[in-house]
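Notes to accompany the following structure.
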Amino acid sequence: MNPLFIRQEIDPTISKAQFIEDVECLFRILKEAYGLYEYYGDEIFLQAKENVLIGLRGEEFDFDHSVTLLCEQLNSFIRDGHFTVGPDQSTESVPDYGYAIKYAKLHGIDVIDCKKFWYDTEDERKQLEEFAASGAKYKNKEPLIIDLRDCTGGSEIYIWDFIKGLFDVEPGFSCKFRQKYSQIFREHVRMSAPEFQMEYEGEIEEYEQDVPITETSKKIYVLINENTCSAGESTIAYLKSFSSTILIGTHSGGCHVSGNCIQIYLPHSHIPAYFGTGMCLYEKTRNIDAEGGFRGDISYDDFLGSITK
């Protein structure tokens, strides 16, 4: 196993020379594997690294200050909700609602509550598979509520299959897509999902696509909040390609622009770095994360008022 994938406690006792080696390692891996590296450009990353190295000059070395300096330089220009240096994503807790998909009614309207698009139990796996296959069940003209509040992500395949069954259209949205199949990404896939065999045709996959709005009469109300992230936001993007979709809420979380994330631990300090290896610019130019997420069309209160009249 690549030692960069082995979680260890952060070591604040390292020397300045070792910290500098970690900085060089991080920026080298970002150039190799970070999906938005070319989007921001080599020049700005090189300048950020240089600013960190300048800040480390002098005889005194303060580990905490140096980590803060590194994070400040990267966060000064990166607008990517998935990108973090310092926090360990492997220890981040996600609320356990006890289900992935749940069904209800709100004032007579069918509600599909999607809390996550991955499964931790066999029951959740069945919930997701049944949901994916159920789109045709809702093909009538009655409105439908899809509740994505607190949906933090997972696999897009479930919502993709659901929408295909619902509208008899393969879902998509206009975007510019780029995925880096770097060596470290390939090692990550082999380690984390050995059953998932991938065939790679080169180091980079990229394309642009224009997806026209599909005119529909069936109202789809999509409930969102600041914890609607990642695959939850991809769900928003897919559903916004249908004319009758209405977003209910203030905004989503802003974790859409990158994906297929990996986490590494720097060799000396063991500082964790988490980042996406892919890039998705909505409508081919928009970084949704930099915009603060997808914006709602109306508030939740206004929505409730409209359906109870």
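Everything quoted here is computed from the prediction, not taken from an experiment.
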After noting the C-alpha distance and the side-chain angles of E129 and R125, does the key distance pass the salt bridge (charged side-chain N to carboxylate O under 4.0 Å, His left out) rule? CA-CA 6 Å; E129 291 179 353; R125 181 186 67 81; 2.7 Å; yes
As a quick check of understanding, evaluate side-chain contact (heavy atoms from CB on, under 4.5 Å) for I10 and V67, giving each step before the final call. CA-CA 11 Å; I10 292 177; V67 174; over 6 Å; no
Is any side-chain heavy atom of [X] closer than 4.5 Å to a side-chain heavy atom of [Y]?
X	Y	result
L36	I78	no
I145	F303	yes
S252	I236	yes
P267	D22	yes
R295	L247	no
L166	I220	yes
Y39	R178	no
H188	N260	no

Taking atom [atom1] of [X] and atom [atom2] of [Y], what is their separation to the nearest 0.5 Å?
X	Y	atom1	atom2	result
I44	Q73	CD1	CD	9.5 Å
Q127	D123	CD	CG	4.5 Å
R28	F45	CZ	CZ	15.0 Å
Q18	D11	CD	CG	7.5 Å
I307	I109	CD1	CD1	4.5 Å
Y221	L106	OH	CG	11.0 Å

[X] side chain to [Y] main-chain N or O, any donor-acceptor pair under 3.5 Å?
X	Y	result
K164	A132	no
D297	I246	no
T277	A33	no
S243	T216	yes
H82	S258	yes
R186	Y181	yes
K16	G58	yes
W160	P171	yes

Residues forming a side chain to side chain contact (heavy atoms under 4.5 Å, CB included) with N227, sequence neighbours excluded: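 Only D150, N225 meet the side chain to side chain contact (heavy atoms under 4.5 Å, CB included) criterion with N227.
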Counting only heavy atoms from other residues, nucleotides and ligands, does the tally under 6.0 Å from CZ of F63 exceed 12?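 Enclosed.
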F131 ring center near Y158 ring center (under 6.0 Å):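 Ring-ring flag for F131/Y158: false, centres at least 6.0 Å apart.
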Indicate, with yes or no, if the rings of F83 and Y34 have centres closer together than 6.0 Å.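 Yes, ring centres under 6.0 Å apart.
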Are the charged groups of D147 and K102 less than 4.0 angstrom apart, N to O?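 So D147 does not pair with K102 through a salt bridge.
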Taking only residues two or more places apart in sequence or in another chain, which ones pass ring pair (Phe, Tyr, Trp, His ring centres under 6.0 Å) with [X]?
X	result
F177	Y207
F27	none
Y274	none
Y265	none

Minimal non-hydrogen separation, C229 against G253, with atom names: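 Scanning both residues completely, I find the closest heavy atoms to be SG-CA, 3.8 Å.
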If you look only at distance, which donor and acceptor atoms sit under 3.5 Å apart when one is on a side chain in residues 278-289 and the other is two or more places apart or in another chain?
from, atom 1, to, atom 2, distance (Å)
E283, OE1, R286, NH1, 3.0
K284, NZ, D210, OD1, 3.1
K284, NZ, D210, OD2, 3.2
R286, NE, E291, OE1, 3.4
R286, NE, E291, OE2, 3.0
R286, NH2, E291, OE1, 2.8
N287, OD1, D289, N, 3.0
N287, OD1, A290, N, 3.2
N287, ND2, R79, O, 2.9
D289, OD1, H256, N, 2.7
D289, OD1, V257, N, 3.1
D289, OD2, G81, N, 2.8
D289, OD2, H256, N, 3.4

Would [X] end up clustered with [Y] when hydrophobic side chains under 4.5 Å apart are linked, directly or stepwise?
X	Y	result
F19	V85	yes
V189	I29	yes
V222	V111	no
Y99	F162	no
L128	I146	yes

Pairs in or reaching into residues 213-239: which pass salt bridge (charged side-chain N to carboxylate O under 4.0 Å, His left out), with residues at least two apart or in two chains?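 Not a single pair qualifies under salt bridge (charged side-chain N to carboxylate O under 4.0 Å, His left out).
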Does anything in residues 107-120 pair up under salt bridge (charged side-chain N to carboxylate O under 4.0 Å, His left out), and if so which pairs, sequence neighbours excluded?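 Passing the test, one end in residues 107-120: K105-D110, D113-K115, K116-D120, K116-E124.
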List in chain and number order the residues that pass side-chain hydrogen bond (donor to acceptor under 3.5 Å, both in side chains) with [X], two or more places apart in sequence or in another chain; answer none if no residue qualifies.
X	result
H251	none
E60	none
Q47	N51
K49	E24

Taking it one step at a time, do F167 and T214 satisfy side-chain contact (heavy atoms from CB on, under 4.5 Å)? CA-CA 9 Å; F167 290 115; T214 299; 6.0 Å; no
Can you list the steps and then say if S234 with I159 is a side-chain contact (heavy atoms from CB on, under 4.5 Å)? CA-CA 9 Å; S234 296; I159 189 65; over 6 Å; no
Apply the test side-chain contact (heavy atoms from CB on, under 4.5 Å) to residues F61 and S15: give CA-CA distance (whole Å), side-chain angles for both, the deciding distance (0.1 Å), then the verdict. CA-CA 8 Å; F61 171 64; S15 68; 6.0 Å; no
